[in-house]
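Read through the structure below, which is laid out as structure tokens, and then see the notes.
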Amino acid sequence: MDIGSLVGLILGIGTIAFGIVVGGVGVQYYVDLPSVLMVVIGSFAPLLIASPLAKILKIPSFVGLVLKIPNFNEPKLIADLVGFAERARREGLLALEDNIEDLENPFMKKGIQLVVDGTDPEIIKTILYTEVDKLEARHSEVSGIFAFWGAMSPAFGMLGTVIGLIAMLANLSDSAGLAKGMATALITTLYGSMMANLWFIPMGKNLEGQNRLEVRSREIVIEGILSIQSGDNPRILLEKLLSFLPPGEREAIKAQTIQD
């Protein structure tokens, strides 16, 4: 589980709770079921209109992704690619076919198989980058769902506030209930802003970050496969692949790969 995401959520809720406690009024003034329903159901309705139902039904699994730490095992990808490069230089590209079934990464398996089949490098590059582009498009749809939901939540919070203000202004004769009515009217704005800024927008950003990491791992594989096909020196290939990673991660992976 991604402890950072969980801690961030707890800190956000705690900060809001702290503000309510020091606000000087009872917690009951911040609890209003009709306002909750207005924001939750109201913001969900345009989501149903804007996105395919099949995607909407997968939202729980997308939420699960946010709470997991993405691990694309880039050190192993680099080690495998360098190992393939060493074997290809010793025994030829056809020798790589013996190890294809042992690969755990389907994307790398596909690329190595294309190399073994003698596919033109430009065609390999086109096939693999097309797959990456389609991957990014799918991920963009998912993060876009939460971005859209994050935009709709404050909008319906404001709509709830407007509805509450209209009802309050229609009953100005009740001066005793005027202040309470104003507070109730503003609660939907609070709920909408809280849902958007504490949950939906950060979730979308989290998924965008995971997408960038997965794309990077696939770019490492593509660069490695094309270098293997062109007969690059394994040490040169290692330096190429390490350049995709942050400087702080390179030395440990380099030392481990050379040792292996």
Side-chain angles (χ1 to χ4, degrees), residues 1-2 4-5 47-48 50-85 96 99-117 119-151 199-230 232 237-238 240-246 249-250 253:
M1 175 177 285
D2 185 0
S5 297
L47 195 65
L48 286 170
S51 303
L53 182 60
K55 290 286 185 183
I56 300 298
L57 294 176
K58 292 181 180 178
I59 285 178
S61 63
F62 300 149
V63 173
L65 289 175
V66 174
L67 298 176
K68 290 181 180 179
I69 300 176
N71 181 17
F72 300 107
N73 209 351
E74 291 171 329
K76 187 175 188 310
L77 291 180
I78 293 174
D80 286 345
L81 289 165
V82 172
F84 274 116
L96 303 182
N99 301 105
I100 289 179
E101 293 305 318
D102 297 333
L103 288 173
E104 299 175 0
N105 187 297
F107 188 70
M108 184 189 294
K109 183 183 294 187
K110 181 177 183 176
I112 295 295
Q113 186 64 62
L114 289 170
V115 170
V116 170
D117 291 342
T119 310
D120 184 81
E122 285 302 316
I123 295 177
I124 293 178
K125 187 174 181 180
T126 299
I127 291 173
L128 297 182
Y129 270 112
T130 298
E131 189 163 328
V132 171
D133 291 342
K134 297 306 178 184
L135 174 80
E136 285 192 282
R138 292 193 300 271
H139 288 179
S140 180
E141 287 182 17
V142 174
S143 59
I145 287 174
F146 292 103
F148 184 73
W149 205 349
W199 191 235
F200 297 134
I201 294 175
M203 282 179 63
K205 290 296 181 182
N206 182 294
L207 293 173
E208 287 177 6
Q210 292 193 35
N211 170 69
R212 287 192 292 271
L213 289 176
E214 185 166 2
V215 168
R216 185 180 75 180
S217 71
R218 295 201 172 201
E219 288 177 340
I220 288 173
V221 171
I222 294 173
E223 182 63 37
I225 286 170
L226 294 176
S227 294
I228 290 169
Q229 188 177 43
S230 64
D232 285 353
L237 172 59
L238 176 60
K240 278 186 181 181
L241 301 184
L242 289 175
S243 66
F244 284 89
L245 304 179
E249 300 178 15
R250 296 176 187 175
I253 295 176

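Computed over heavy atoms, backbone and side chain alike; hydrogens, waters and symmetry mates excluded.
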_If I take atom CD from residue Glu223 and atom CD from residue Glu219, how far apart are they, to the nearest 0.5 angstrom?_
9.5 Å
*When rounded to the nearest 0.5 angstrom, what is the spacing between CG in Leu237 and CG in Leu81?*
6.5 Å
*Pairs meeting criterion ring pair (Phe, Tyr, Trp, His ring centres under 6.0 Å) with involvement of residues 200-229, two or more places apart*: Trp149-Phe200
*Worked check of side chain to side chain contact (heavy atoms under 4.5 Å, CB included) between Val82 and Ile78*: CA-CA 6 Å; Val82 172; Ile78 293 174; 4.3 Å; yes
*Mind checking what makes side chain to side chain donor-acceptor pair (under 3.5 Å) contact with Lys76, not counting sequence neighbours?*
Asp80
*Under the side-chain contact (heavy atoms from CB on, under 4.5 Å) rule, collect the residues that match up with Asp232, sequence neighbours excluded.*
Ser227, Ser230, Lys240
*By salt bridge (charged side-chain N to carboxylate O under 4.0 Å, His left out), which residues pair with Lys109, not counting sequence neighbours?*
none
_Leu48 CG to Ile56 CD1 distance, which is reported to the nearest 0.5 Å_ = 5.5 Å
*Write out all pairs satisfying ring pair (Phe, Tyr, Trp, His ring centres under 6.0 Å) with one or both partners inside residues 54-76, taking only residues at least two apart or from two chains.*
none
*Partners of Gln113 by side chain to side chain donor-acceptor pair (under 3.5 Å), sequence neighbours excluded?*
Asp117
*How about Leu57 and Leu53: do any of their side-chain heavy atoms sit closer than 4.5 Å?*
yes
*asked:* Restricting to side-chain contact (heavy atoms from CB on, under 4.5 Å), what partner residues turn up for Asp120, sequence neighbours left out?
replied: Glu122, Ile123
*Search all heavy atoms of Ser51 against all heavy atoms of Ile145 and return the closest pair with its distance.*
OG-CG1, 3.8 Å
_Suppose we screen for side chain to side chain donor-acceptor pair (under 3.5 Å). Which residues come up paired with Lys110, at least two apart in sequence or across chains?_
Glu131
_Distance-minimising heavy-atom pair for Met108 and Val221_ = CA-CG1, 3.7 Å
*How far apart are the C-alpha atoms of Leu245 and Ile220, what are their side-chain angles, what is the distance that settles it, and do they pass the side chain to side chain contact (heavy atoms under 4.5 Å, CB included) test?*
CA-CA 9 Å; Leu245 304 179; Ile220 288 173; 4.0 Å; yes
*Qualifying residues under side-chain contact (heavy atoms from CB on, under 4.5 Å), relative to Ile124, sequence neighbours excluded*: Leu114, Val115, Thr119, Leu128, Ile225, Leu226, Gln229
*Mind checking the CZ-CG spacing from Arg218 to Leu135? Nearest 0.5 Å is all I need.*
5.0 Å
*Do Leu47 and Ile59 have side-chain heavy atoms sitting under 4.5 Å apart?*
yes
*Can you see which heavy atom on Gly150 is nearest to which on Ile201, and at what distance?*
CA-CG1, 4.1 Å
*Go through Leu77 and Leu241 one step at a time and tell me if the side chain to side chain contact (heavy atoms under 4.5 Å, CB included) criterion holds.*
CA-CA 9 Å; Leu77 291 180; Leu241 301 184; over 6 Å; no
_Listed once per pair and sorted, the side-chain hydrogen bond (donor to acceptor under 3.5 Å, both in side chains) pairs that draw on residues 132-144, sequence neighbours left out_ = His139-Asn211
_Interatomic distance, Met203 atom CE to Ser5 atom OG [nearest 0.5 angstrom]_ = 9.5 Å
*asked:* Using the side-chain contact (heavy atoms from CB on, under 4.5 Å) criterion, which residues pair with Pro52? Sequence neighbours excluded.
replied: Lys55
*Can you name the side chain to side chain donor-acceptor pair (under 3.5 Å) partners of Glu74, sequence neighbours left out?*
Arg216
